[in-house]
Amino acid sequence: MCGIIGIVAKSSVNQAIYDGLTVLQHRGQDAAGIVTCANERLYLRKDNGLVRDVFHTRHMLRLLGNMGIGHVRYPTAGCSSSAEAQPFYVNSPYGIALAHNGNLTNADTLKQDLFREDLRHINTNSDSEVLLNVFAHELQNMGKYNIDEKDIFSAVSGVYKRCQGAYAAVAMITGYGIVAFRDPQGIRPLIFGKRETEQGDEYMVASESVAIRALGFDVIRDVQPGEAIFIDLQGQFHAQQCAEKIDHNPCIFEYVYFARPDSIIDGISVYKARQRMGKVLARKILRLKPDHDIDVVIPIPDTSRTAALEVAKELKLKYREGFVKNRYIPRTFIMPGQSMRRKSVRQKLNAIDLEFKGKNVLLIDDSIVRGTTSKQIVQMARDAGAKSVYFASAAPPVRYPNVYGIDMPSVQELLAYNRTDEQIAHVIGANWLIYQDLDDLVKATRGKQGLVKFDTSCFSGEYVTGTVDQRYLDELERQRNDTAKYENDKEEGVEVIELHNSV
């Protein structure tokens with residue numbers, strides 16, 4: 001999961017992109033990058049770290065131009081080396097930089113095709129570099145010295161025919177403008193906005209609406225599944241449906257955890273969706289535990305607060321903030337490596353003993369993935385004096401790998417894999433555990449909107465792209481478990497340039 005942004009403006013965009021990436025920091029805390037364009041030259045700065053740490057004054061002064069794209073990275077594959085920080089760049093044709101959120105499920109096949117048939121070299125393990133080269137090759141096939149929006153949309157159509165999986169991408173073509181496109185299933189979010197100035201119209205595209213509003217743009221709409229938009233250097237907007245077949249299935253985990261509550265994705269308020277999740281979760285608790293002895297409802301900050309408030313309201317119980325969060329510790333779920341997650345939990349949260357002592361406590365979390373934090377938090381509640389600790393998840397059990405850009409690839413590392421609810425409760429140390437039902441989650445997320453389906457693969461094991469088989473999952477397991485990531489991270493700092501023999 002990553003955050004992307006692109007802006008075409010009438011004045012310098014470096015500060016705006018920086019500010020937008022800061023708003024999207026929750027989507028990725030491993031690396032950040034910005035590339036801008038001025039006088040047909042590209043200016044790039046990217047590195048590991050938070051936005052505030054990657055960009056200093058000396059870097060910002062060198063990011064010249066009225067057009068640029070940015071990226072915050074959350075690693076789901078390979079290592080966390082700065083070599084895989086985005087945006088990526090290729091010089092042919094025209095000079096193209098690209099930032100990507102998602103995961104290509106046929107990246108390995110594409111990489112071979114790019115070398116053997118397209119004569120293009122991939123130098124990292126990132127599928128984003130693969131996506132960039134596929135787009136560049138399709139654009140090069142136009143065989144033109146000058147291109148227009150029709151050529152760009154034709155190239156995106158070629159990308160859709162070749163690339164499988166989830167991808168929301170923004171690309172900057174030197175001397176032409178910015179193009180953004182979203183996979184035919186619309187799994188990953190992408191939205192754009194507009195701002196009118198005295199000099200003319202300015203456009204912005206981003207992963208979430210909150211970034212667009214924060215920068216003073218008016219939200220226009222979501223980029224539709226299979227659609228591409230193009231904003232040229234003059235600020236002219238173009239859009240076209242480029243996929244032959246679309247089937248809208250946005251990722252439901254965006255609403256459960258990843259997106260900010262003040263964002264609206266595909267017309268659905270994330271905040272309202274989480275409120276509804278809390279209501280239906282409370283009704284299940286009443287159905288299964290009508291004679292419960294819960295004294296107080298306590299959220300595990302921050303994402304679960306909205307649902308926990310509704311649970312307390314429906315159960316007619318006290319809601320209390322029992323944990324104080326250290327805001328200078330990043331989100332533990334998106335930290336690379338299990339050891340780092342374990343280390344940060346106690347640093348991130350501290351219990352207020354008065355809210356736990358002698359009470360039967362119901363803890364609410366948005367979801368349980370690996371269970372690392374859940375187990376430690378339950379123990380913290382007991383150490384603070386809780387008489388009984390009950391645990392409720394606003395999402396169903398995560399039993400299957402996510403292959404569309406969320407770091408749930410290794411099924412062996414998922415707490416719910418091959419375990420019953422009672423066994424999971426025992427592992428995390430809770431007196432009892434209640435999960436949300438998948439049907440209730442879908443209904444709560446959908447609300448009154450017309451969306452019928454979501455990507456629920458990590459809960460259901462059903463992959464909406466239809467291209468994921470057991471062989472792929474096994475290979476993903478081998479490449480992306482925490483042990484593999486640890487081994488790869490030991491190589492960090494060594495950028496390898498591989499030379500291939502001719503085929």
Side-chain angles (χ1 to χ4, degrees), residues 22-29 50-53 74 210 256-263 270-271 274-275 277-278 281-282 285 294-315 317-395 415 425 428-431 433-434:
T22 302
V23 175
L24 296 175
Q25 186 74 84
H26 61 284
R27 298 188 65 85
Q29 299 162 358
L50 301 175
V51 175
R52 68 182 182 218
D53 299 322
Y74 148 57
V210 62
V256 170
Y257 174 81
F258 265 105
R260 272 182 43 159
D262 44 346
S263 284
V270 176
Y271 178 76
R274 289 176 184 170
Q275 279 188 319
M277 291 175 201
L281 179 61
I285 293 172
I294 303 168
D295 296 315
V296 62
V297 176
I298 294 178
I300 298 172
D302 282 320
T303 323
S304 63
R305 280 196 174 108
T306 307
L309 274 166
E310 292 301 314
V311 170
K313 181 179 176 181
E314 289 287 317
L315 297 181
L317 293 172
K318 294 178 182 178
Y319 169 91
R320 292 291 184 266
E321 293 283 347
F323 295 103
V324 176
K325 182 179 180 181
N326 181 346
R327 299 186 181 278
Y328 299 97
I329 300 294
R331 301 176 91 179
T332 51
F333 173 74
I334 60 175
M335 285 182 172
Q338 192 79 320
S339 60
M340 190 177 294
R341 297 184 195 101
R342 291 194 190 98
K343 181 179 178 182
S344 64
V345 174
R346 289 274 180 174
Q347 297 173 344
K348 184 175 78 167
L349 296 178
N350 189 50
I352 302 174
D353 291 2
L354 291 174
E355 299 298 346
F356 292 91
K357 194 169 184 178
K359 297 177 182 178
N360 298 320
V361 178
L362 174 62
L363 300 180
I364 307 291
D365 208 350
D366 54 82
S367 59
I368 307 172
V369 181
R370 295 170 176 86
T372 308
T373 60
S374 304
K375 183 176 181 178
Q376 294 190 49
I377 288 168
V378 169
Q379 188 58 50
M380 288 172 66
R382 295 197 185 281
D383 293 343
K387 186 164 60 176
S388 296
V389 181
Y390 311 128
F391 206 104
S393 168
L415 180 64
I428 67 174
N431 293 85
L433 167 71
I434 290 181

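Contact record, Ala282 with Leu315: O-CD2, 3.8 Å, taken as the closest heavy-atom pair. Taking each heavy atom of Arg260 and Val210 in turn, the nearest pair found is NH2-CG2, 3.3 Å. Here the closest heavy-atom approach between residue Tyr74 and residue Gly28 is recorded as CB-CA, 3.7 Å. Residues Pro301 and Pro299 come closest through the heavy atom pair CD-O, 3.4 Å. Heavy atoms only, all atoms of each residue included: Val256 and Ala395 are closest at CG1-CB, 3.9 Å. Scanning all heavy atoms of the two residues, the minimum distance from Ala392 to Leu281 falls at CB-CD2, 4.0 Å.
Residues that satisfy the ring-ring contact (aromatic ring centres under 6.0 Å, His included) test with Phe323, not counting sequence neighbours, are Phe356. Scanning for side chain to side chain donor-acceptor pair (under 3.5 Å) contacts around Ser263 gives Glu208, with sequence neighbours left out.
Thr306 places no side-chain N or O within donor-acceptor distance of the main-chain N or O of Tyr271, the cut-off being under 3.5 Å. Side-chain N or O atoms of Asp366 include none that pairs as donor or acceptor with a backbone N or O of Ala394 at under 3.5 Å. Remark: side-chain polar atoms of Asp295 are paired, donor with acceptor, to backbone N or O of Asn360 under 3.5 angstrom.
In this structure, Leu349 and Thr373 have side chains that are not in contact, with every pair of non-hydrogen atoms separated by 4.5 Å or more. Under the 4.5 Å side-chain criterion, counting only non-hydrogen atoms from C-beta, Asp302 is in contact with Arg305. For the pair Glu321 and Ile352, the minimum side-chain heavy-atom distance is 4.5 Å or more.
Annotation: the span from Asn431 atom CG to Ser388 atom OG amounts to 4.0 Å, rounded to 0.5 Å. The distance from the NZ atom of Lys359 to the CG atom of Leu354 is 7.5 Å, given to the nearest 0.5 Å. Atoms CG and CG, from Asp383 and Asp353 in turn, are 9.0 Å apart once rounded to the nearest 0.5 Å. Separation of atoms CG (Leu433) and CG (Leu363) is listed at 11.0 Å; rounding is to 0.5 Å. To the nearest 0.5 Å, the span separating CD1 on Ile298 from CG on Asp365 amounts to 13.0 Å. Taken from CD in Gln275 to NZ in Lys313, the straight-line distance is 7.5 Å, to the nearest 0.5 Å.
One finds no salt bridge joining Glu310 and Arg274 here, because no Lys/Arg side-chain nitrogen approaches an Asp/Glu carboxylate oxygen to under 4.0 Å.
For the side chain to side chain contact (heavy atoms under 4.5 Å, CB included) test with Phe391, the passing option among Ile434, Leu362, Ile368 is Ile368; the others fail. Of the candidates Thr22, Leu24, Val23, Val51 forms a side chain to side chain contact (heavy atoms under 4.5 Å, CB included) with just one, namely Thr22.
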